[in-house]
Protein chains: 2
Amino acid sequence: MLVQETPRLIGAIAKESHIPVKTIRYYEELGLLQSTRRTEGGFRLFPPDTISRLSFIKRAQSLGLSLSEIKEFLDIYDRGNLPCDHVKVKLNNKIAEIDQQLQQLQILKQELIGLLSGSTTVSKTSPQLICPIIQHTIKA
Amino acid sequence: MLVQETPRLIGAIAKESHIPVKTIRYYEELGLLQSTRRTEGGFRLFPPDTISRLSFIKRAQSLGLSLSEIKEFLDIYDRGNLPCDHVKVKLNNKIAEIDQQLQQLQILKQELIGLLSGSTTVSKTSPQLICPIIQHTIKA
DNA sequence: CTAAACGCTCTAGTTAACTAGAGAAGCTAG
DNA sequence: CTAGCTTCTCTAGTTAACTAGAGCGTTTAG
């Protein structure tokens with residue numbers, strides 16, 4: 001039973017993913033997408049998982065990962081088998097980094113909430129520990 | 001009672017913040033740092049809260065905010081009073097964005113954990129919903 | 001069968017965020 | 001008072017991640 005999902009042209013991918021054609025070509029050039037196959041005329045044919053690859057790329061990117069970092073992860077995925085120890089270490093590091101980032105985001109959120117309620121006016125006697133930019137009430 | 005905290009030269013700031021002198025000047029040029037004062041000779045003098053401003057900048061930046069977004073927040077901070085409604089809306093939007101990002105980070109973390117345990121080898125009958133890049137077990 | 005839409009390559013431009021170097025002037029320890 | 005470090009401005013270069021345009025070939029709807 002062959003699951004014959006039709007490979008698609010770049011335009012279709014662009015439309016569904018809301019990512020410009022040029023960007024998709026650029027990603028392919030960097031090796032983030034595999035479009036080994038081409039039509040006779042030379043048009044790129046993308047495999048069906050391209051959309052999910054793109055959404056992974058965009059998510060990872062919005063979280064501050066560089067395209068080359070993202071490529072490393074996609075390469076691991078593409079290899080398909082368990083990563084070797086070296087790569088495992090890298091993955092674990094990245095996961096730890098993400099935990100860090102989760103904490104930082106919480107802090108930033110508190111800081112912005114602080115700005116919302118105008119806590120710059122808080123007195124010197126109750127320093128806002130969660131809010132490093134608001135440590136000194138300068139204009140007092 | 002005047003809290004006379006001495007303003008500092010750029011080199012001192014650079015050393016304490018671990019941010020290069022050139023970068024600090026660049027930030028000042030963009031209006032992220034206020035160094036209104038200068039020595040007679042023209043050397044920049046930075047107020048004492050500069051270090052905490054820099055650490056705010058770096059945190060926000062590592063979370064994907066652009067320097068111009070960061071400037072907006074610092075400007076709100078500098079105005080010192082409660083933000084106007086327009087700005088409140090912006091802040092609330094950013095906070096919502098951060099909540100989004102917190103979720104995305106959780107997803108990414110799960111995806112990386114998935115890669116670690118090599119879940120590409122999981123059968124087609126149990127699709128990994130949390131792991132969009134691992135929806136198709138292509139090499140099967 | 002042909003026009004419009006789509007896709008290709010190649011070259012080059014853009015933006016954000018730095019980063020480097022030159023040349024001159026300010027500050028400071030001995 | 002001067003050697004040597006710090007800082008200044010100005011100009012220009014770099015990297016990542018696109019983005020635009022020219023000029024030309026491919027596909028497909030009527």
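Proteins get letters first, then strands, A, B, ... in listed order; numbering begins at 1 in each.
A:Lys71 comes within 4.0 angstrom of nothing in the nucleic acid, heavy atoms only.
At the phosphate of D:dT9, OP1 or OP2 sits under 4.0 Å from a side-chain N or O atom of B:Arg44. Of the side-chain N and O atoms in B:Thr39, none sit less than 4.0 angstrom from OP1 or OP2 of C:dG26.
No donor-acceptor pair under 3.5 Å is formed between the side chain of B:Gln61 and the backbone N or O of B:Phe56. Without hydrogens or angle criteria, A:Glu69 side chain to A:Ser66 main chain gives a donor-acceptor distance under 3.5 Å. Of the possible donor and acceptor atoms, none in the side chain of A:Arg59 sits under 3.5 Å from a partner among the backbone N and O of B:Leu108. With hydrogens and angles disregarded, no donor-acceptor distance shorter than 3.5 Å links the side chain of B:Arg8 to the backbone of B:Pro47. With hydrogens and angles ignored, the 3.5 Å screen pairs no side-chain donor or acceptor of B:Glu28 with any backbone N or O of B:Thr23.
Looking at the side chain of B:Arg38, the nearest of the listed nucleotides D:dA17, D:dC8, C:dA17 is D:dC8. Counting only heavy atoms from C-beta on, A:Leu9 has its side chain closest to C:dG7 among C:dT9, C:dC18, C:dG7. In this structure, the nucleotide among C:dC8, C:dC18, D:dT6 sitting nearest to the side chain of B:Phe43 is D:dT6.
Each of B:Gly41 and A:Ile10 was matched to the nucleotide of DNA chain C holding its nearest heavy atom; the match closer to the 5' end belongs to A:Ile10. For the pair B:Ala12 and A:Ser66, both in contact range of DNA chain D, the more 5′-proximal nearest nucleotide belongs to B:Ala12.
A:Gln106 and A:Lys109 share no side-chain donor-acceptor pair at under 3.5 Å.
Atom CD1 of A:Ile13 is separated from atom P of C:dG7 by 10 Å (rounded to the nearest Å). To the nearest angstrom, C1' of D:dC8 lies 16 Å from CD of B:Glu40. When the C1' atom of C:dA16 is taken as reference, atom CD of A:Gln61 falls 14 Å away, rounded to whole Å. One can place CG of A:Leu67 at 15 Å from C1' of C:dA16, the figure rounded to the nearest angstrom. Remark: P of D:dC18 and CD1 of A:Ile19 are 9 Å apart, rounded to the nearest angstrom. Taking atom CG of B:Leu54 as the reference point, atom P of C:dC18 lies 11 Å away to the nearest angstrom. If you measure from atom CD1 of B:Ile70 to atom C1' of C:dA17, you get 11 Å, rounded to the nearest angstrom. When rounded to the nearest whole Å, the span between CD1 of A:Ile57 and P of D:dA16 equals 17 Å.
Annotation for A:Arg37: atom CZ does not count as buried by contact number, only 12 or fewer foreign heavy atoms lying within 6.0 Å.
Scanning residues 21-32 of chain A for heavy-atom distances under 4.0 Å to DNA chain D yields A:Lys22, A:Thr23, A:Tyr26, A:Tyr27.
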